[in-house]
Novice: 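Please find one structure pasted underneath; my questions will follow.
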Amino acid sequence: MGDIFSLDFIVWCNNFFKQIRESSMKLKALKTRLYNVMFHTHTVSGIVISFALFVCFYAGAVALFMDELYQWENPEARIEMVNPANIDYDKVINIVEENTEVFDKSMTFGITPPSKTNPLITLYGRGENKKGVIERFTTVLHPSTYEILSNGSEANTHMASTIYELHYFYQIPVIGVYLSGFVAFFFLFAIFTGLLTHWKNIINKFYAFTSEGKWKQIWTNGHVSLGFIALPFQLIYAVTGALLGLSILLLAPSAFLMFDGDTTEVVKAVRPDAGIKYDINAPLADYGTSFNSIYKKVNSAYPENNITYLYATNFGKEDGTISARVNDYKSIGGSGIFVYGYGDGKLKEAIEPETTSYAKGTYGVLIKLHYATYGGIFLKIIYFILSMITCYVIISGVMIWRTARDKPTYTNKQRRFHHRVTKFYLAITLSMFPALALIFIANKIVPLSIEDRVFYVNSIFFLGWLILTITGLFWNNYRKLNRNYIFLGSLFGLLIPIINGITTGDWVWKTIMSRQYFVFSVDVTWIVIGVSGLFICKYYLKQNDKNEQNSKTSHTYIVKEDNIVEEN
């Protein structure tokens, strides 16, 4: 019975895809003028944002596992998780207040309860120092002893957060996040123009994929076929990336058109908790509710949801509030926010999971779609694979642009320019692989106790990336450039579990035996990546490129830095 069902299913699939191919043959092609406009628009928009878009997707792919990476990057977090319902959050606040001079509880501060990925307690606060300057601080505490593990302007480890910030270009002051939003917006533009360009033959090109022939054809086949596979995923990220990166600019027109310029009303429609107005001069409350009571209220009302963040504004004052964020990490609408008054403990605003209005739930849905926090670890793995496919689509687009211009119709000066641009793009993007391995190594070789540790780790990462990029500019052969970066990244990757074992004593076999699955997974992943990369390099070193040899039957123009050499 099972065999018959399987056979019927295969036949049905075959007929289904056959109908798709037949239908695609009936699609009408764009008119010549419109096709040329779409084609050149797609090419220009794609080449302008290509390296920035690659950084967004590559760093974003790793940032998907930011929570899962925490125990690996911070050995102090490799402890047994304490039930977050048993934590005394008011005690945490008192301990931090006693040990931090700049803690001002009237300003917004928040606490992250223990979780499977991060079993430590983290308090984020701010206050005014002796010079009258507002300072932010992060305090990390042990969940059982309430011992302060670190306390300062930032946590002692920041590796995964650095990668996360990179995909938003936060390292560029003020305008970084807006740049990422514009990149996502133009990516959406490139998707639609590319879809219209290949509309007529997109299905046929998908089935005609081959790794044989001239390089231009190989790049084109991969660009179209893999781009078609990842199209829904790319649309999601183009839309959510643009909305999250340009949220302020997008909300401003709505404020002027609908609320007479009052941006608070627009924010309140999307995030009710963010639209509440507070009086900094409000009098102190005689009696107030506690963090512990708010946690118990929310936890009892939504026992299947995880309370991911507790935060307060104007704490201790009559108009103060205590809020809680929840997430079930399963459904796309399973997140919510609850805002309680500090004085009376009554619910003031709420975004209830799965039952809230469209306007209030939109922001939460965008967050879940963008960060893949609604389908567990397997969805993140799928997102990661699709992100890597998108990175290939971006690189193949650059190579198509390059090979299409390596013709006698272009002058030597033009072809040298095209070669330099391509080499520059490839050096920036491909060097991210070994640079990413460098930040993992730096996270282990820089001691946790050293002051300004995050600065040193980030410096090794960004300076290493810069040096790797500059080095790549001296490799004129694209094949050599690609092979060398794969080799360096693989070599660094294999060093990561070794250095982790030496510095922490948590070798791969120990972490699996002690059920430290997150630490074990990171080390094993780098071993698999390193071994696979070395095998690829071996293939590159020994394999003679048949496609390149075959293409030399016609005139091939090899671009060098100073001249153009014609080969027969």
Novice: Report the C-alpha separation of Thr511 and Phe518 in whole Å, then their side-chain angles, then the decisive distance to 0.1 Å, and conclude whether the side-chain contact (heavy atoms from CB on, under 4.5 Å) test is met.
Specialist: CA-CA 9 Å; Thr511 53; Phe518 294 114; over 6 Å; no
Novice: Would you compute the distance between atom CG of Asn458 and atom CG of Asp452 and round it to the nearest 0.5 angstrom?
Specialist: 11.5 Å
Novice: Could you list the donor-acceptor pairs under 3.5 angstrom formed between side-chain atoms of residues 237-244 and any protein atom two or more places apart in sequence or on another chain?
Specialist:
unit_1: Tyr237; atom_1: OH; unit_2: His370; atom_2: O; d: 2.5
unit_1: Thr240; atom_1: OG1; unit_2: Ile236; atom_2: O; d: 2.7
unit_1: Thr240; atom_1: OG1; unit_2: His370; atom_2: ND1; d: 2.9

Novice: When you measure from the side chain of Lys91 to the backbone N and O of Tyr146, does any donor-acceptor pair fall under 3.5 Å?
Specialist: no
Novice: Quick one: pull up OG in Ser323 and OH in Tyr311 and give me the separation to the nearest 0.5 Å.
Specialist: 4.0 Å
Novice: Any chance OH of Tyr89 has more than 12 other-residue heavy atoms, nucleotides or ligands included, within less than 6.0 Å?
Specialist: yes
Novice: Short question: side chain of Asp90, backbone of Phe291 - any donor-acceptor pair under 3.5 Å?
Specialist: yes
Novice: Under 3.5 Å, side chain of Asn99 to main-chain N/O of Ile95, donor-acceptor pair present?
Specialist: yes
Novice: Check whether any side-chain heavy atom of Ile294 lies under 4.5 Å from a side-chain heavy atom of Phe338, and answer yes or no.
Specialist: no
Novice: Side-chain contact, heavy-atom cut-off 4.5 Å: Phe54 with Ile428?
Specialist: no
Novice: Check the surroundings of atom CZ in Phe192: do more than 12 heavy atoms from other residues, nucleotides or ligands lie under 6.0 Å from it?
Specialist: no
Novice: Going through the checks in order, is the side-chain contact (heavy atoms from CB on, under 4.5 Å) test met by Leu226 and Ile229?
Specialist: CA-CA 5 Å; Leu226 295 177; Ile229 291 173; 4.1 Å; yes
Novice: Can you name the nearest heavy-atom pair linking Thr41 to Ser45, along with the distance?
Specialist: O-OG, 2.8 Å
Novice: Are any non-hydrogen side-chain atoms of Ser521 and Glu68 less than 4.5 angstrom apart?
Specialist: no
Novice: May I ask you to say whether Asp328 pairs ionically with Lys368, meaning some side-chain N is under 4.0 Å from a carboxylate O?
Specialist: yes
Novice: Do side-chain atoms of Asn306 reach the backbone of Thr308 as a donor and acceptor pair under 3.5 angstrom?
Specialist: no
Novice: Looking at OG of Ser290 and CG of Asp88, how far apart are the two atoms once the value is rounded to the nearest 0.5 Å?
Specialist: 8.5 Å
Novice: Restricting to non-hydrogen atoms, name the atom on Pro119 and the atom on Pro143 that form the minimum distance, rounded to 0.1 Å.
Specialist: O-CG, 3.2 Å
Novice: Is the number of heavy atoms from other residues, nucleotides or ligands under 6.0 Å of Phe189 CZ greater than 12?
Specialist: no
Novice: Return the CG to CG distance between Leu386 and Leu231, rounded to the nearest 0.5 Å.
Specialist: 11.0 Å
Novice: Does Arg126 reach the side chain of Phe109, with side-chain heavy atoms less than 4.5 Å apart?
Specialist: no
Novice: Any sub-3.5 Å donor-acceptor pair from Gln71's side-chain atoms to Thr117's backbone N or O?
Specialist: yes
Novice: Please report the interatomic distance OG1(Thr157) to OH(Tyr70), rounded to the nearest 0.5 Å.
Specialist: 6.5 Å
Novice: Work out which heavy atom in Asn314 is nearest to a heavy atom in Ala282; give both atom names and the distance.
Specialist: ND2-CB, 4.4 Å
Novice: Are Lys348 and Asp319 close enough, and set up right, to give a salt bridge (Lys or Arg N to Asp or Glu O under 4.0 Å), and what steps lead you there?
Specialist: CA-CA 11 Å; Lys348 298 183 66 174; Asp319 65 345; over 6 Å; no
Novice: Determine the minimum heavy-atom distance between Thr289 and Gly341, stating which atoms define it.
Specialist: CG2-O, 3.8 Å
Novice: Main chain of Glu97, side chain of Thr100: is a donor-acceptor contact present, judged purely on distance under 3.5 Å?
Specialist: no
Novice: Applying side-chain contact (heavy atoms from CB on, under 4.5 Å) to Thr429 and Tyr58, what does each step give before you reach the verdict?
Specialist: CA-CA 9 Å; Thr429 55; Tyr58 199 90; over 6 Å; no
Novice: Between Glu73 (side chain only) and Ala160 (backbone N and O only), is there a donor and an acceptor less than 3.5 Å apart?
Specialist: yes
Novice: Testing Thr504, Asp506, Ile496 for side-chain contact (heavy atoms from CB on, under 4.5 Å) with Trp72, which one passes?
Specialist: Ile496
Novice: Kindly compute the distance separating CG (Leu195) from CD (Gln234), expressed to the nearest 0.5 Å.
Specialist: 10.5 Å
Novice: Quick check: does any side chain N or O of Arg453 sit under 3.5 Å from a backbone N or O of Asn156, one acting as donor and the other as acceptor?
Specialist: yes
Novice: Asn151 and Thr139: side-chain hydrogen bond (donor to acceptor under 3.5 Å, both in side chains), yes or no, with the steps?
Specialist: CA-CA 4 Å; Asn151 189 18; Thr139 305; 2.6 Å; yes
Novice: Counting heavy atoms not belonging to Phe186, are there more than 12 under 6.0 Å from its CZ?
Specialist: no
Novice: After noting the C-alpha distance and the side-chain angles of Tyr278 and Ser106, does the key distance pass the side-chain hydrogen bond (donor to acceptor under 3.5 Å, both in side chains) rule?
Specialist: CA-CA 10 Å; Tyr278 298 93; Ser106 65; over 6 Å; no
Novice: Please report, to 0.1 Å, the donor-acceptor pairs under 3.5 Å made by any side chain of residues 165-172, with sequence neighbours excluded.
Specialist:
unit_1: His167; atom_1: ND1; unit_2: Tyr164; atom_2: O; d: 2.7
unit_1: Tyr168; atom_1: OH; unit_2: Tyr371; atom_2: OH; d: 2.9
unit_1: Gln171; atom_1: NE2; unit_2: Thr162; atom_2: O; d: 3.4

Novice: Check whether any side-chain heavy atom of Leu438 lies under 4.5 Å from a side-chain heavy atom of Trp465, and answer yes or no.
Specialist: no
Novice: Nearest heavy-atom pair of Thr138 and Ala155: which atoms, and what distance?
Specialist: CB-N, 4.0 Å
Novice: Between Ile111 and Ile93, is any pair of side-chain heavy atoms under 4.5 Å apart?
Specialist: yes
Novice: Would you name the heavy atoms of Tyr295 and Pro113 that are closest together and state the gap between them?
Specialist: CE1-CG, 4.5 Å
Novice: What about Phe315 and Phe103, are their ring centers closer than 6.0 Å?
Specialist: no
Novice: Any non-hydrogen side-chain atom of Phe461 less than 4.5 Å from a side-chain atom of Met159?
Specialist: no
Novice: Do Phe233 and Ile389 come within less than 4.5 Å of each other through their side chains, counting heavy atoms only?
Specialist: no
